[in-house]
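Before any comments, here is the structure.
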Amino acid sequence: MIQIIDLHKKFGENHVLRGVSLTVNRGESFALIGASGKGKSVLLKHLIGLMKPDKGQVLVDGEDIGQMRGRKLKALKDRFGIVFQFGALFDSLTVYENVAFPLQEKTKHSAAEIDKIVRRELANVDLEEAADNYPAQISGGMRKRVAVARCMVMNPEVILFDEPTTGLDPVISNSIYHMIQNLRNTDNLTSFIISHDIPGIFKVVDRVAMLHEGKIVASGTAEEIQNSDNPVVRKFLMGEIE
Ligand SMILES: Nc1ncnc2c1ncn2[C@@H]1O[C@H](COP(=O)(O)OP(=O)(O)OP(=O)(O)O)[C@@H](O)[C@H]1O
Ligand SMILES: [Mg+2]
């Protein structure tokens, strides 16, 4: 569903992406791993047109998003949900209001329909009890789950996560992984997850690719990557590249 072909991106002299090629299939749960500061978030931004490549292409269902403008680009973005590292919730709205927000802004659903969808998605991430709390009153992991529920109300085809577990303790990380596992069972939902949580991430994804020096140096099933004999991958898994 997503095809990245020979993607290059430079910031001044900093040649971050140096020919990334990668395919993400519809319905799979995919993880991008790699050392800090090496371009994972930059790559993610290219997937929804927030950044334009210097060279190369990103195709979604065969269409080059670099060529899309205006309404067409907006329609494409509506097919993606993004969960940013810090959740990016509205602090002055309750959990319930945060999740209802995109439905109120972007759809013509009645209040009763909105209520039904919001309750369903809050239940899916185990947050019914927190509906009336404000973001400041809940934990970091809960905030992330709210951000996921807020994406899911819009029925995205693809959900993008930038570091879903960074900065969270192991128990809360587990609750996030549990949620990612559940999403994996959502019909046809494609998830693309950036993570440097090794080995945690391997349990919850179908395929993994590793970004190193601006290129994909390895890709395969989680098991293949864990058993890889590529020295760069081995070093990274042992915590020797960071
Ligand atoms: N808008 C920008 N302008 C200039 N340089 C940028 C911009 N965005 C990112 N960079 C640079 O691109 C490089 C890659 O950044 P990126 O945020 O993609 O790293 P990352 O792999 O996501 O790291 P982390 O795992 O720490 O989140 C860094 O050197 C960063 O300084
Ligand atoms: Mg990043």
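When a residue number appears, it is its place in the shown sequence, counting from 1. Whatever order the structure lists them in is the order used to number ligands and atoms, beginning at 1.
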Do you know which two heavy atoms are closest between Asp206 and Gly27, and how far apart they sit?
-> OD2-O, 4.5 Å
Heavy-atom nearest option to atom 26 (O) of ligand 1, drawn from Gly12, Ser36, Gly39 = Ser36
Given Gly37, Ser41, Ser195, which one has a non-hydrogen atom that is nearest to atom 13 (C) of ligand 1?
-> Gly37
Hydrophobic cluster identity match, Val83 and Phe101, side-chain contacts under 4.5 Å | no
For ligand 1, which atoms, with element, lie under 4.0 Å from some heavy atom of His196?
-> 25 (O)
Give, for atom CZ of Arg145 and atom CG of Asn124, the distance between the pair rounded to the nearest 0.5 Å.
-> 11.5 Å
Rounded to the nearest 0.5 angstrom, the CG-CE distance for Asn230 and Met210 is 7.5 Å
Does at least one non-hydrogen atom of Ala35 fall below 4.0 angstrom from an atom of ligand 1?
-> yes
Of the backbone and side-chain N, O or S atoms of Ser36, does one lie nearer to the Mg ion (ligand 2) than 2.8 Å?
-> no
Verify the cluster assignment for Val60 and Leu73: are they in a single hydrophobic cluster under the rule of side-chain heavy atoms below 4.5 Å apart?
-> yes
Between Asn14 and ligand 1, find which residue part has any heavy-atom pair under 4.0 Å and reply side chain, backbone, both or neither.
-> side chain
Would you mind running through ligand 1 and noting each atom that sits below 4.0 Å from a heavy atom of Glu163?
-> 25 (O)
Would Lys9 and Lys45 satisfy side chain to side chain contact (heavy atoms under 4.5 Å, CB included), going step by step from the backbone distance to the final call?
-> CA-CA 11 Å; Lys9 185 71 177 180; Lys45 287 176 186 155; over 6 Å; no
Phe192 and Phe30 aromatic ring geometry - parallel, tilted or perpendicular at 30°/60° bounds | parallel
Could a heavy atom of Lys45 be found less than 4.0 Å from some atom of ligand 1?
-> no
Do ligand 1 and Val42 have nitrogen or oxygen atoms that lie under 3.5 Å from each other?
-> yes
